[in-house]
Amino acid sequence: MAGIVGEIAFNGKRADLGTVGRMAEALTHVPYGYGTCSWGWVALGHQRRQVAPVARPVPQPFADDRLGLGVVLTGHFHNHDELHIDLAGHYPFGQASAPELVLAAYHRWGEGFVERLRGVFTLALVDAQREKVLLARDAAGTVPLYLARASDVLRFATDAQCLRAADGLAGKEGIVPVPAGSVQVFSPSGRVGARTFTSRLAEGAGA
């Protein structure tokens with residue numbers, strides 16, 4: 001299993017990559033696989049938690065500089081092979097990894113791509129060209145995701161303790177969960193949108 005963290009900065013501010021690194025470190029005391037990435041106004045972090053290494057692991061955050069997209073993801077897709085077949089002619093896959101599938105699906109279907117994912121997952125996707133970040137959870141809400149908001153910064157993490165470890169920021173409204181089966185969209189200009197979706201995987205099935 002893995003954990004994801006990140007920071008979005010608003011009103012011309014820059015995300016603090018050092019803070020994101022500390023949040024990622026707080027995910028576990030015995031990590032296997034760790035990474036951070038910054039686009040200036042947003043930074044992502046990922047840490048995989050497992051005992052033994054995975055053969056040919058795909059580093060995260062995973063970025064496609066050609067498309068200006070990046071993602072951190074935890075979970076898996078039951079329709080992985082189906083997605084790969086649908087998207088193979090639209091995206092230059094390397095390992096056909098889950099992060100690649102997410103970026104390919106978003107590139108082809110836009111924000112509605114989440115509705116095509118069957119599985120258990122939480123993800124954060126950066127669209128650098130359009131300056132927006134999408135946060136999404138599956139309909140069953142198997143993997144948690146929490147937010148903490150201050151005036152110019154929003155932080156998110158799959159473990160609330162990570163948010164408490166980040167300079168004590170809990171936001172004016174405290175730490176709040178992202179609802180299951182939802183997609184939330186944020187941009188540096190302050191625009192925020194949210195919607196819910198119905199997964200084609202029945203809640204609780206296949207977890």
Side-chain angles (χ1 to χ4, degrees), residues 2-24 27 35-47 59-75 98-117 121-138 141 143-160 162-163 166 169 171 173 175-197:
I4 68 172
V5 298
E7 178 176 294
I8 307 167
F10 298 88
N11 304 317
K13 305 294 185 180
R14 292 182 63 85
D16 188 334
L17 190 58
T19 296
V20 171
R22 289 193 296 275
M23 291 167 61
L27 285 168
T36 59
C37 186
S38 174
W39 286 262
W41 53 274
V42 58
L44 303 178
H46 177 273
Q47 190 154 190
Q60 292 195 55
F62 182 83
D64 186 323
D65 294 331
R66 179 181 62 89
L67 298 177
L69 302 176
V71 66
V72 283
L73 162 74
T74 181
E100 286 181 297
L101 285 173
V102 169
L103 297 192
Y106 174 78
H107 177 61
R108 183 176 181 188
W109 295 309
E111 293 178 15
F113 83 99
V114 180
E115 299 175 19
R116 299 173 181 264
L117 305 180
F121 60 87
T122 288
L123 63 86
L125 184 147
V126 174
D127 186 333
Q129 295 179 357
R130 294 176 178 83
E131 294 193 342
K132 63 182 180 181
V133 178
L134 288 77
L135 305 179
R137 295 180 66 201
D138 68 72
V143 184
L145 186 64
Y146 301 95
L147 303 178
R149 179 76 185 261
S151 58
D152 294 321
V153 173
L154 181 138
R155 292 173 182 153
F156 57 87
T158 47
D159 187 333
C162 299
L163 298 174
L169 174 67
E173 299 180 359
I175 295 173
V176 297
V178 172
S182 69
V183 178
Q184 298 199 4
V185 184
F186 301 89
S187 73
S189 63
R191 178 180 67 86
V192 55
R195 65 181 178 85
T196 60
F197 68 93

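A quick note: this is a predicted structure, and the numbers were derived from the prediction, not measured.
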Fill in: Interatomic spacing from SG in C162 to CD1 in I4 - rounded to 0.5 Å
10.5 Å

Response to the item:
Smallest heavy-atom separation, F62 atom then P99 atom, equals CB-CB, 3.6 Å

Worksheet item: Looking only at heavy atoms, which two atoms of E7 and D16 are closest? And how far apart?
Response: OE2-N, 2.7 Å

Worksheet item: Looking only at heavy atoms, what is the nearest atom pair of Y146 and A160, with distance?
Response: CD1-N, 3.6 Å

Practice prompt. Can you see which heavy atom on A15 is nearest to which on A9, and at what distance?
Written response: N-CB, 3.6 Å

Response to the item:
So CZ of R149 and CD1 of I8: to nearest 0.5 Å the spacing works out to 8.5 Å

Item to complete: Determine, step by step, whether K13 and V153 satisfy the side chain to side chain contact (heavy atoms under 4.5 Å, CB included) criterion, reporting the C-alpha distance in whole Å, the side-chain angles of both residues, the deciding distance to 0.1 Å, and the verdict.
Response: CA-CA 8 Å; K13 305 294 185 180; V153 173; 5.8 Å; no

Worksheet item: What residues, two or more places apart in sequence or in another chain, satisfy side-chain contact (heavy atoms from CB on, under 4.5 Å) together with L17?
Response: T36, S38, A43

Discussion item. Run L67 and L103 through side chain to side chain contact (heavy atoms under 4.5 Å, CB included) and show every step you take.
Written reply: CA-CA 9 Å; L67 298 177; L103 297 192; 5.8 Å; no

Discussion item. Return the CG to NE2 distance between L123 and H46, rounded to the nearest 0.5 Å.
Written reply: 11.5 Å

Worksheet item: Is any side-chain heavy atom of M23 closer than 4.5 Å to a side-chain heavy atom of L163?
Response: yes

Worksheet item: Going through the distances and angles, do L44 and F156 end up as a side chain to side chain contact (heavy atoms under 4.5 Å, CB included)?
Response: CA-CA 9 Å; L44 303 178; F156 57 87; 3.7 Å; yes

Practice prompt. Using a 4.5 Å cut-off on heavy atoms from C-beta on, say whether the side chain of L154 contacts that of V133.
Written response: no

Practice prompt. For residues V178 and L147, determine if any side-chain heavy atom of one lies less than 4.5 Å from a side-chain heavy atom of the other.
Written response: yes

Discussion item. Within the 4.5 Å heavy-atom criterion, are Q184 and P179 side-chain neighbours or not?
Written reply: yes

Fill in: From CG (D127) to CH2 (W39), nearest 0.5 Å
10.5 Å

Worksheet item: Hey, what do you get for CG (L69) to CD (Q129), rounding to the nearest 0.5 Å?
Response: 7.0 Å

Fill in: Partner residues of Y106 under the ring pair (Phe, Tyr, Trp, His ring centres under 6.0 Å) criterion, sequence neighbours left out
F113

Discussion item. How close do W41 and A128 get, counting heavy atoms only, and between which atoms?
Written reply: CZ2-CA, 4.2 Å

Worksheet item: Heavy-atom distance under 4.5 Å between the side chains of L134 and V114, does that happen here?
Response: no

Worksheet item: Do the side chain of D65 and the main chain of G68 share a donor and acceptor less than 3.5 angstrom apart?
Response: no

Response to the item:
Separation between CD1 (I175) and CG (D159), nearest 0.5 Å, reads 9.5 Å

Worksheet item: Considering all heavy atoms of both residues, which atom of A180 and which atom of R137 are nearest to each other, and what is their separation?
Response: N-NH1, 3.5 Å

Practice prompt. Side-chain contact test, heavy atoms from C-beta onward, threshold under 4.5 Å: evaluate it for T158 versus T74 and give yes or no.
Written response: yes

Worksheet item: Listed by chain and number, what are the side-chain contact (heavy atoms from CB on, under 4.5 Å) partners of R108, not counting sequence neighbours?
Response: D86, L87, H90

